[in-house]
Amino acid sequence: MIRRTLLAALLLPALLPVLTSDALAQSASSSPIVIKFSHVVARDTPKGKAADKFKELAEAATKGRVKVEIYPNSTLYKDKEELEALQLGAVQMLAPSMAKFGPLGVKEFELFDLPYLFSDRASLERITNGQIGQDLFRKLESKGITGLAYWDNGFKVLTSNRAMRVPADVKGLKLRIQASKVLDEQMRSLGVNPQVMAFSEVYQALQTGVVDGAENVPSNVLTQKMHEVQKHLTVTNHGYIGYAVIVNKKFWDKLPADVRGQLEGAMKQATEHANKIAQQENEAALEAIRKSGKTAVHVPTEAEKGEWRKALLPVHKAVEDRIGKELVAAAVKAASGK
Ligand code: LMR
C-alpha cells in the first residue's frame with residue numbers, strides 16, 4: 001500500500017505535463033462540444049430510439065463539432081435527479097415525461113395527464129404544435145431550461161396481479177404513479193392508493209410486492225419486463241405518456257449560432273422519427289406481451305370502456321385549481337378540435 005502511494009507520488013510530477021497538455025487539447029476549439037443526454041427508459045423504446053437518432057443526425061449535421069453522449073436506463077440519473085442535473089449543467093439534454101415537471105414548479109405540464117384528454121394523434125398535436133405547447137415551453141425559461149420539442153409515446157395500460165375489467169376491480173390496490181398530482185387524483189378517484197416512485201425502481205417494487213401494480217405504456221412495460229411480474233394487463237388507454245425534450249438554457253444560448261441551427265435541424269428530424277415510430281412500437285410491444293403468455297391481456301368491451309370514462313372524467317374538474325380552470329378548458333377544447 002505504502003509502496004503504491006510512494007510510486008504515485010514519484011510518478012505524479014512526471015505525469016503532470018501530460019495531464020496539462022491533455023486538458024489544454026480538450027479545451028482547444030477543435031475539441032467537440034459534448035451534449036450529455038440522459039434518460040430513464042431502455043434504448044429499445046420510442047424515446048430511446050429517438051435519442052439515438054438525434055445523436056446520429058446531430059453528429060452528422062455538425063460534422064463532428066458536437067458529440068452527443070446518450071445515457072439510457074437511468075444509468076446516470078433517476079427521474080428527479082436528472083432535472084436537477086440539467087439545471088446545474090451536469091447534463092445538457094433530457095426528455096422527461098410531461099408528468100415530471102410538477103416538482104420543478106411547472107405544474108401546468110400535468111394537463112397531459114388528464115384522463116381521456118386525447119382521442120388520437122391529431123388531437124394531441126393540436127396541443128403540442130399549438131399555442132398551449134408554446135406557452136408551456138415559455139414557462140420553463142425562468143427555470144433555466146429551454147424546451148425544444150415534444151416526443152410522442154402512447155396511451156397507458158394498467159397492470160396488476162388482479163383481473164381489472166371495470167373500475168371497481170382496482171379499488172384498494174396500491175399502484176405506482178409518476179410524480180404528478182393529476183395522476184394522484186386520478187388514482188384516488190378510483191379508490192386506489194397511489195405511490196409515487198422513480199421509473200428505475202418500478203420493476204423491483206412490482207416483483208417484491210411493494211406496490212400491487214402500475215400504469216404505463218406497453219413499450220415501457222415490455223422493456224422493463226414488468227409483464228413478467230404482473231399477471232394481468234388491461235388496455236384502458238385512459239391516459240397519455242409523452243415527452244418534452246429540454247436543454248440547459250445557458251448551454252444552448254451560448255452555442256455558436258451555426259451549430260445551434262444544425263442541432264435544431266437534427267432535432268426536427270429526430271422528432272419526426274419519434275412521432276412516426278411511437279404508435280407502431282407500442283402496438284408491437286403489446287403484441288409481444290400477449291405472446292409471452294406471462295400476462296393475461298384484457299381489452300375492455302364498449303360497456304367497460306364507458307365505465308372507466310365515467311369514473312375518470314370527473315378528474316378534469318377536480319384538478320382545475322392546480323392546473324388552472326382556463327387552461328384545462330382550453331386544453332379540452334383544443335384536444336377535441338371544436
Ligand atoms: C415513467 O416514469 O413511467 C415514464 O415517464 C418513463 C418514461 O420516461 O417513459
Side-chain angles (χ1 to χ4, degrees), residues 37-52 54 70-83 85-86 91 93-104 106 109-115 124 128 149-160 174-184 186-187 192 194-207 210-227 229-230 233 236-246 270-271 274-275 277-279 281-282 285-286 289:
F37 185 164
S38 170
H39 68 80
V40 298
V41 295
R43 270 215 138 99
D44 192 16
T45 56
K47 174 162 65 179
K49 288 184 180 176
D52 287 349
F54 172 71
I70 311 277
Y71 298 92
N73 248 326
S74 310
T75 41
L76 212 50
Y77 298 107
K78 297 199 281 188
D79 294 324
K80 197 165 170 292
E81 289 95 304
E82 71 172 15
L83 279 158
L86 184 80
V91 290
M93 187 175 282
L94 304 174
S97 82
M98 256 80 88
K100 300 201 175 142
F101 287 82
L104 193 71
V106 198
F109 273 88
E110 291 177 5
L111 73 86
F112 288 94
D113 297 326
L114 291 170
L124 167 75
T128 51
Y150 289 102
W151 285 358
D152 198 10
N153 195 339
F155 292 100
K156 287 180 284 189
V157 300
L158 285 173
T159 64
S160 80
K174 203 187 274 183
L175 301 184
R176 178 266 174 174
I177 57 165
Q178 305 175 75
S180 154
K181 291 282 188 268
V182 172
L183 297 180
D184 184 276
Q186 168 201 275
M187 290 307 188
V192 162
Q195 300 284 312
V196 173
M197 192 177 284
F199 182 66
S200 57
E201 288 159 12
V202 180
Y203 172 81
Q204 212 189 348
L206 293 173
Q207 191 193 31
V210 167
V211 290
D212 302 309
E215 56 167 12
N216 224 307
V217 290
S219 54
N220 278 342
V221 173
L222 178 74
T223 52
Q224 298 298 320
K225 301 189 182 356
M226 294 179 198
H227 65 296
V229 288
Q230 298 275 266
L233 181 157
T236 42
N237 290 336
H238 61 282
Y240 173 76
I241 290 187
Y243 310 105
V245 187
I246 55 178
T271 300
N275 297 345
I277 63 170
Q279 193 181 340
E281 291 277 326
N282 279 298
L286 188 59
I289 292 169

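Residue numbers count from 1 along this sequence. Indexing begins at 1, ligand by ligand and atom by atom, following the structure's order.
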Kindly confirm or rule out an N or O of K47 lying under 3.5 angstrom from an N or O of ligand 1. yes
Identify which one of T45, N282, D44 satisfies the side-chain hydrogen bond (donor to acceptor under 3.5 Å, both in side chains) criterion when paired with S219. N282
Rounded to the nearest 0.5 Å, what separation is found between the CG atom of D152 and the CD1 atom of I241? 11.0 Å
Run the contact test for R176 against ligand 1 with a 4.0 Å cut-off on heavy atoms, strictly below, and give the result. yes
Output the list of atoms in ligand 1 that are nearer than 4.0 Å to some heavy atom of V41, sorted by atom number. 6 (C), 7 (C), 8 (O), 9 (O)
Determine whether a donor-acceptor pair (N or O, by modelled atom type, separation under 3.5 Å) exists between the side chain of K47 and the backbone of A95. yes
Out of all atoms in ligand 1, which are within 4.0 Å of some heavy atom of S97? Include the element for each. 5 (O)
Under 4.0 Å between a Lys/Arg side-chain N and an Asp/Glu carboxylate O for E201 and K78? yes
So, for V91 and S38, which heavy atoms are closest and what is the spacing to 0.1 Å? CG1-CB, 4.1 Å
Measure the distance from atom 5 (O) of ligand 1 to every protein heavy atom, then report the residue, atom name and distance (to 0.1 Å) of the closest one. Q178 OE1, 2.7 Å
Please verify the inter-ring angle class for F112 with Y150; under 30° counts as parallel, over 60° as perpendicular, anything in between as tilted. tilted
Using distance alone, determine whether N153 and ligand 1 share an N or O pair under 3.5 Å. no
Which protein heavy atom lies closest to atom 9 (O) of ligand 1, and at what distance to 0.1 Å? Y243 OH, 2.4 Å
Nearest 0.5 Å, what's the CD-CD1 distance between E82 and I246? 7.5 Å
Can you tell me which residue and heavy atom of the protein come closest to atom 2 (O) of ligand 1, and the distance to 0.1 Å? K100 NZ, 2.7 Å
Heavy-atom contacts under 4.0 Å between T45 and ligand 1: side chain, backbone, both, or neither? neither
If you count the atoms of ligand 1 from 1 in the order shown, which ones are under 4.0 Å from a heavy atom of N216? 1 (C), 3 (O)
